[in-house]
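The structure under discussion appears below in the form of structure tokens.
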Amino acid sequence: MVKICCIGAGYVGGPTMAMIAFKCPKIEVVVVDIAVARINAWNSDRLPIFEPGLDEVVKACRGRNLFFSADVEKHVAEADIVFVSVNTPTKTRGLGAGKAADLTYWESAARMIADVSKSDKIVVEKSTVPVKTAEAIEKILTHNNKGINFQILSNPEFLAEGTAMEDLAKPDRVLIGGRETPEGRKAVETLKAVYAHWVPEDQIITMNLWSAELSKLAANAILAQRISSVNAMSALCEATGADVAEVAYAVGKDSRIGPKFLNASVGFGGSCFQKDILNLVYICECNGLTEVANYWKQVVQINDYQKSRFVKRVVSSMFNTVSGKKIAILGFAFKKDTGDTRETAAIDVCHGLLGDKAQLSVYDPQVTADQIMRDLAMNKFDWDHPQHLQPMSPTTTKQKPAFIFDGRNVINVEELRKIGFIVYSVGKPLDPWVKDLPAAPPS
Ligand code: NAD
Ligand code: UDX
């Protein structure tokens, strides 16, 4: 029986290992983490993360062939395959600060694997890492030369939060990169056999290590680029009277382009897109590719522009100040069906409005008040329980005119205008009210 251990019980490690255990009842899977509270939550009735369908899969396998443990070293030592799914955030200090991936957690996991291992192991890069990381990991793993054979594989994860279980059950593809040696190819086959329990073999793609590592960064950069492209168009739509939803529909009908990831929004968020593009930018710079680095940097710059454009719309529509005005913020996570607030556009929007002394009431069904407080790290706002956020109409609001600003293009603009709201929706023809106001001065 193959034994799998995954280091890192986060948004990727938890759901991915739960799916492997669910689909491979004969494989024992142990997910380990240094965060004891997180492990305790995985072993409780209230899992540490919300993902539709996750509870059911965990309940079906936990205690059978799926285990969560804080005894990291013991389970790593016993495993045949060790997945490393630790966080790789953007470096905040030192060389490459603000761009490069911080590999501190990865490095300490690799050192620990090297120290506790007594048998050969396949070590799988599940975290998103800079291209060529496997080379550095190999050096760490073999530094004390105990005669143990370590094979490093790159197996990047493509799940999106909110649809993680669906994405894991039916992935577009599974990517496995390995060394082009007999031992490397054998390791690739071993991992391939795990996924082949439920993924059709022609969707399990194998390639060289560096291609697999780079493919992950490339996929995220190109997905984010589509959003920045359509968001850039949304600004032009507002200036010209075109409707970005219509433009995106027309563009997406071209089978070479396709309809997905063309929804204009207040800007992309989440723990991956910005971090991975900045990482890509840094790698390009390190390779002397300044023009390529600048090209990808622009995807993040347009995203920042979109977020500040949204705040300026709110402020300029409400007579150039929101000071003392009550604003309800509906939705705080970076997208629906998740409680994850990492890099959510809502943080920037709230900061922008709080900076102008607005009074905010924030609600998200998956995010706690404490989390919102921590994210905003400010005390100058109210947090209202959902019951205080009844649907409002201008007849129930005391102050008129009443405004709605839709950063997701999910509301029915016409209906709301009909009952008297002044509505702004990203990239849609502007409400005459908004259109006739002088633009907010540049910040
Ligand atoms: P996360 O922060 O939710 O989880 C990482 C976990 O690793 C944490 O619980 C942390 O305590 C643990 N950890 C760190 N160092 C450790 C160590 N030395 N030993 C044991 N545990 C350790 O992160 P995540 O969102 O799951 O992301 C993990 C990786 O996967 C990142 O590289 C990310 O870029 C990548 N990724 C994330 C997503 C996503 O949607 N979140 C999707 C694809 C890829
Ligand atoms: C992303 C990738 O999609 C996934 O493959 C990778 O493994 C991790 O990074 P994730 O960040 O979880 O996944 O969510 P995603 O669905 O990609 O959304 C990211 C952000 O883009 C969200 O804020 C979302 O609202 C926004 N978005 C997405 C848009 O603004 N418009 C779109 O058309 C699609």
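For reference, positions follow the sequence shown, starting with 1. When a ligand or atom number is given, it counts from 1 through the structure's own listing order.
The protein non-hydrogen atom at the shortest distance from atom 23 (O) of ligand 1 is R342 NH1, 3.7 Å. For atom 11 (O) of ligand 1, the nearest protein heavy atom (residue, atom name, distance) is D33 OD1, 2.6 Å. Atom 17 (C) of ligand 1 has I34 CD1, 3.8 Å as its closest protein atom, hydrogens excluded (heavy atom only). For atom 43 (C) of ligand 1, the closest non-hydrogen atom on the protein side is E157 O, 3.2 Å. Remark: minimum distance from atom 40 (O) of ligand 1 to any protein heavy atom is reached at E161 OE2, 3.2 Å. Considering only non-hydrogen protein atoms, atom 7 (O) of ligand 1 sits nearest to G8 CA, 3.4 Å. Of all protein heavy atoms, the one lying nearest to atom 18 (N) of ligand 1 is S108 OG, 3.3 Å. Atom 35 (C) of ligand 1 has its closest protein heavy atom at T128 OG1, 3.5 Å.
Remark: side-chain polar atoms of K121 are paired, donor with acceptor, to backbone N or O of A79 under 3.5 angstrom. In this structure, N65 contributes its side chain and I27 its backbone to a donor-acceptor pair below 3.5 Å. No donor-acceptor pair closer than 3.5 Å links the side chain of N87 to the backbone N or O of P89. Looking at T344, its side chain does come within 3.5 Å of a backbone N or O of F332 through a donor-acceptor pair. Side-chain atoms of W42 come within 3.5 Å of backbone N or O of A9 as a donor-acceptor pair. Judged by distance alone, with hydrogens and angles left aside, the side-chain atoms of T88 form a donor-acceptor pair with the main-chain N or O of T128 at under 3.5 Å.
An N or O contact shorter than 3.5 Å is missing between K126 and ligand 1 by distance. By the 3.5 Å distance cut-off applied to N or O atoms, R38 is counted among the residues near ligand 1. Taking any N or O of G13, backbone or side chain, none lies under 3.5 Å from an N or O belonging to ligand 1.
With sequence neighbours left out, the side-chain contact (heavy atoms from CB on, under 4.5 Å) criterion links K99 to L278, V281, Y282, E285. Considering only residues two or more places apart in sequence or on other chains, L223 meets the side-chain contact (heavy atoms from CB on, under 4.5 Å) condition with N220, F261, F273. Remark: Y249 engages K253 in a side-chain contact (heavy atoms from CB on, under 4.5 Å) (not counting sequence neighbours).
Atoms of ligand 1 lying under 4.0 Å from at least one heavy atom of S85, given by number and element, are 5 (C), 28 (C). Under a 4.0 Å criterion applied to the non-hydrogen atoms of C272, ligand 1 contributes the atoms 37 (C), 38 (C), 39 (C), 42 (C). For ligand 1, the atoms sitting less than 4.0 Å from at least one non-hydrogen atom of K216 are 43 (C), numbered in the order shown with element in parentheses. Shown in contact with K275 at under 4.0 Å from a heavy atom are these atoms of ligand 1, numbered in order with element: 33 (C), 34 (O).
For atom 38 (C) of ligand 1, the nearest non-hydrogen atom from the set I7, V12, T338 comes from V12. For the residues N87, V86, T88, the heavy atom positioned nearest atom 29 (C) of ligand 1 is part of V86.
In this structure, M112 falls outside the shell of residues with a heavy atom less than 4.0 angstrom from ligand 1.
For the pair D276 and K216, the salt-bridge criterion is not met [side-chain N within less than 4.0 Å of a carboxylate O]. At a threshold of 4.0 Å, the pair E161-R342 counts as salt-bridged, since one of the basic side-chain nitrogens sits closer than that to a carboxylate oxygen. Classification of R111 and E107 as a salt-bridged pair holds, one side-chain N sitting under 4.0 Å from a carboxylate O. Using a 4.0 Å cut-off between a side-chain N of Lys or Arg and a carboxylate O of Asp or Glu, R313 and E238 qualify as a salt bridge.
Aromatic ring pairs are classed by plane angle as parallel below 30°, tilted from 30° to 60° and perpendicular above 60°; the pair W198 and Y195 is tilted.
Using modelled atom types, one finds no donor on one side chain facing an acceptor on the other under 3.5 Å when comparing E213 with T133.
Near ligand 2, heavy-atom contacts under 4.0 Å come from E157, F158, L159, A160, E161, K216, N220, L223, I227, F261, L262, N263, S265, F268, G269, C272, F273, F334, K335, R408.
The part of S271 lying near ligand 1 is the side chain, judged by heavy-atom distances below 4.0 Å.
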